[in-house]
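Note sheet for the following structure.
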Amino acid sequence: MRVDNRLTDGGPMRPLACGRCAALVLVRKSSWQQTSVQWNGGAMALCAEREGAGAAFEGCGSLRDTIREAALRGTIELVDDGGRRPAP
């Protein structure tokens, strides 16, 4: 069995609550272009945008905004920002 250690090359996943519904997920921001999010049952139940989406759920815009703001404020670490920040 091969161990999946793709997320061990940088910072660990950190808890972050969505600014809209307070769903608590684990987040790792590798770069401005790449984000890993780990949902749990409680977060899925709380997510206002996930309700009724079923298997077609493509992501929560409110959580995406919360993650971006947390990265801009430095609340969550950016593993490799390349010295560039996105436009506000």
Side-chain angles (χ1 to χ4, degrees):
M1 178 164 107
R2 187 176 145 231
V3 176
D4 184 355
N5 61 2
R6 288 175 289 180
L7 295 180
T8 61
D9 62 345
M13 296 190 87
R14 304 273 187 215
L16 185 68
C18 177
R20 178 176 178 194
C21 67
L24 185 65
V25 297
L26 293 176
V27 175
R28 180 176 185 262
K29 192 85 174 116
S30 298
S31 69
W32 289 110
Q33 295 77 31
Q34 201 282 325
T35 304
S36 299
V37 178
Q38 184 175 350
W39 291 81
N40 60 37
M44 289 190 298
L46 283 174
C47 180
E49 293 183 34
R50 192 173 190 113
E51 185 178 315
F57 182 70
E58 293 186 17
C60 175
S62 298
L63 180 60
R64 189 171 26 256
D65 293 344
T66 299
I67 294 168
R68 184 176 189 280
E69 289 302 314
L72 286 170
R73 286 191 316 270
T75 307
I76 59 170
E77 131 187 42
L78 224 66
V79 176
D80 178 21
D81 70 358
R84 294 165 288 175
R85 287 184 174 253

(request) Might you point out which heavy atoms bring Glu49 and Gly61 nearest each other, and give the distance in Å? (result) OE1-N, 2.8 Å

(request) Decide yes or no on side-chain contact (heavy atoms from CB on, under 4.5 Å) for Thr66 and Val27, but give the supporting numbers first. (result) CA-CA 11 Å; Thr66 299; Val27 175; over 6 Å; no

(request) Indicate the atoms forming the closest heavy-atom contact of Lys29 with Ser31, along with that distance. (result) NZ-O, 3.1 Å

(message) I'd like to know if Leu16 and Leu46 are part of one continuous hydrophobic network [Ile/Leu/Val/Met/Phe/Trp/Tyr, side-chain heavy atoms within less than 4.5 Å].
(response) no

(message) How close do Leu24 and Ala17 get, counting heavy atoms only, and between which atoms?
(response) CD1-N, 3.8 Å

(message) Please give me the minimum heavy-atom distance between Met13 and Ser36, naming the atom from each residue.
(response) CE-O, 3.6 Å

(request) Any chance you could measure Arg68, atom CZ, to Ile76, atom CD1, to the nearest 0.5 Å? (result) 12.0 Å

(request) Name all residues meeting the side chain to side chain donor-acceptor pair (under 3.5 Å) criterion together with Arg14; count only those two or more places apart in sequence or in a different chain, and write none if there are none. (result) none

(request) Using side-chain contact (heavy atoms from CB on, under 4.5 Å) as the criterion, list what pairs up with Arg64, not counting sequence neighbours. (result) none

(request) Grab the two heavy atoms, one from Ala23 and one from Ala43, that are nearest each other, plus how far apart they are. (result) CB-O, 3.6 Å

(message) For the CZ atom of Arg28 and the CD atom of Glu77, what is their distance to the nearest 0.5 Å?
(response) 8.0 Å

